[in-house]
Amino acid sequence: MTSGDARSGAPHAASAKPSRPPFIGAPVPALELHPAAMATLQSFTLLPQTREWYTTQASAGTSRLSDPAGLKVGDIVVSRLAPDGSLLDCMTLPDSGHGMGLIVRMEAGIRVVYSCWFAPDASGRPYDLVRLPYTPGVASRGAATTVIEGAGYPLDPSLDVSTDAVSLRHQGGGGPEYTRHEWSHFVVGDLSRPTGKIATADWPPTHQGFCSFGNRFFFYTGAASDKAGGDPALITEYSWANGEAVAPPIDASDNSRKPDGSYEGGSMEPEGATVVIDENGVPSLLVGVANGSTSAAAVPRSYRTFRYPLATGT
């Protein structure tokens, strides 16, 4: 996402606590993702049953939709990657939006994608959060089933694999920016019984990724930059129990900075966050960093991830 891509509608104040529990370990370089296109990475997630990775990227769209949240409406490219991050195949959702939210589940042996589709359905209503089978190629809006009817703004989903709860980002909708819902309520389109609400700081910082693990909510922010400072890459943990930040943010900008202070590839942008649980049941927070440029052949863009081990029971 670019610095102007993730603004939301109404300002929200974040509350921070002075001390930090030992909830998160030092970052460790993880896998590099190799999605189908050079378009900007937006989000990524792991399908536990197959250990496949799925990414979203936003490329230029054709609908010229006007979006109240200030997002560029484009085609979302969903890539399916092998466990080592190499490309297997991809699916394009025409004029579907921006791609910040993504859920992929295995349902009756079929890979199923949940995402917000900006383009209107047959009735002319935009911003439906939809469900559709993952099928390589170009998908049609008619192939997607509406889960939540559009409410006039984008709604981005993220799945907590530890509880099956869904975190939703309400872009430009006013009220709390993020809400949490039980899967059984979400899947039938019922958002009337949220189990948590979090009002994060509005732009800046630039929203780049979010995910949950139990009562813990991780908010990943920062703008694209070719120098240190500005709107840096930060990770802030909130609690779903009270909606407040548990500690000051962690500076994650060193993940893409070289010893001389410059960035790998000449530039960086934080992109995407997810929680994964390994084969031994150990949870980690993964955050993505894009380096380089989508237009500079000499310094092609790379998408790396960094793993932060999560201490349980905090």
Side-chain angles (χ1 to χ4, degrees), residues 20-35 41 43-56 78-88 101-114 134 157-167 180-184 186 195-196 208-220 233-241 246-247 249-252 254-256 270-289 302-314:
R20 181 194 304 283
F23 67 83
I24 190 167
V28 178
L31 81 164
E32 184 168 327
L33 304 172
H34 299 277
L41 184 73
S43 60
F44 61 95
T45 190
L46 179 72
L47 182 60
Q49 293 89 340
T50 63
R51 309 305 291 182
E52 296 168 343
W53 295 93
Y54 289 79
T55 66
T56 59
V78 181
S79 293
R80 183 172 69 102
L81 311 179
D84 65 358
S86 60
L87 177 66
L88 295 174
L102 176 67
I103 292 175
V104 182
R105 287 169 57 94
M106 188 70 77
E107 299 179 356
I110 298 173
R111 298 166 176 84
V112 178
V113 172
Y114 291 80
Y134 178 86
S158 174
L159 182 68
D160 180 350
V161 295
S162 70
T163 64
D164 229 19
V166 177
S167 303
R180 184 178 63 172
H181 306 266
E182 294 182 8
W183 177 262
S184 60
F186 164 81
T195 59
Q208 297 287 11
F210 65 97
C211 54
S212 296
F213 181 68
N215 265 338
R216 305 166 71 179
F217 175 79
F218 299 98
F219 183 44
Y220 187 40
L234 299 176
I235 301 169
T236 307
E237 180 178 350
Y238 290 77
S239 170
W240 281 114
V246 302
I250 293 173
D251 188 337
D254 281 346
N255 288 340
S256 63
E271 297 288 9
T274 191
V275 172
V276 298
I277 301 174
D278 68 17
E279 293 85 347
N280 298 316
V282 178
S284 295
L285 169 67
L286 262 69
V287 298
V289 178
S302 64
Y303 301 113
R304 296 179 297 154
T305 63
F306 292 83
R307 178 174 62 87
Y308 289 80
L310 296 179
T312 58
T314 58

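Since the model is a prediction, treat every value here as computed from it, not as a measurement.
Contact check for F44 versus L33: side-chain heavy atoms found under the 4.5 Å cut-off. For the pair I250 and L234, the minimum side-chain heavy-atom distance is 4.5 Å or more. Side-chain contact between V113 and I103 is absent, with no heavy atoms from C-beta onward closer than 4.5 Å. For the pair Y308 and S284, the minimum side-chain heavy-atom distance is 4.5 Å or more. At least one side-chain heavy atom of R51 sits under 4.5 Å from a side-chain heavy atom of L46. The shortest side-chain heavy-atom distance between T274 and Y220 does not fall under the 4.5 Å cut-off.
One N or O on the side chain of D160 and one on the backbone of S162 form a donor-acceptor pair closer than 3.5 Å. Remark: side-chain polar atoms of R180 are paired, donor with acceptor, to backbone N or O of T195 under 3.5 angstrom. Side-chain N or O atoms of T56 include one that pairs as donor or acceptor with a backbone N or O of S43 at under 3.5 Å.
There is no side-chain donor-acceptor pair under 3.5 Å between N215 and Y238. Remark: the S167 side chain and the S212 side chain contain an N/O donor-acceptor pair separated by less than 3.5 Å.
For T50, the side-chain contact (heavy atoms from CB on, under 4.5 Å) test picks out L47, E52, M106, R111, with sequence neighbours left out.
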Checklist entry - Could you walk me through whether C211 and L285 pass the side-chain contact (heavy atoms from CB on, under 4.5 Å) check? => result CA-CA 9 Å; C211 54; L285 169 67; 3.5 Å; yes
Item to check | Criterion salt bridge (Lys or Arg N to Asp or Glu O under 4.0 Å) on R307 and D278, from CA distance to verdict | outcome: CA-CA 12 Å; R307 178 174 62 87; D278 68 17; over 6 Å; no
Next on the checklist: Show, in sequence, the C-alpha distance, side-chain angles and deciding distance for E32 and R304, and conclude whether the salt bridge (Lys or Arg N to Asp or Glu O under 4.0 Å) test is met.
Outcome noted: CA-CA 4 Å; E32 184 168 327; R304 296 179 297 154; 5.4 Å; no
Checklist entry - Under the side-chain contact (heavy atoms from CB on, under 4.5 Å) criterion, do L159 and T45 qualify, and how do the steps go? => result CA-CA 9 Å; L159 182 68; T45 190; over 6 Å; no
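Using cut-offs of 30° and 60° for the angle between ring planes, the F186 and Y114 rings count as tilted.
The ring of W240 has its center no closer than 6.0 angstrom to the ring center of F219.
In terms of heavy atoms, S79 sits closest to Y134 at C-OH, 4.3 Å. Contact between D251 and A233 at its shortest, heavy atoms only, is OD1-O, 3.4 Å.
With rounding to the nearest 0.5 Å, the separation of CG in L102 from OG1 in T55 is 8.5 Å.
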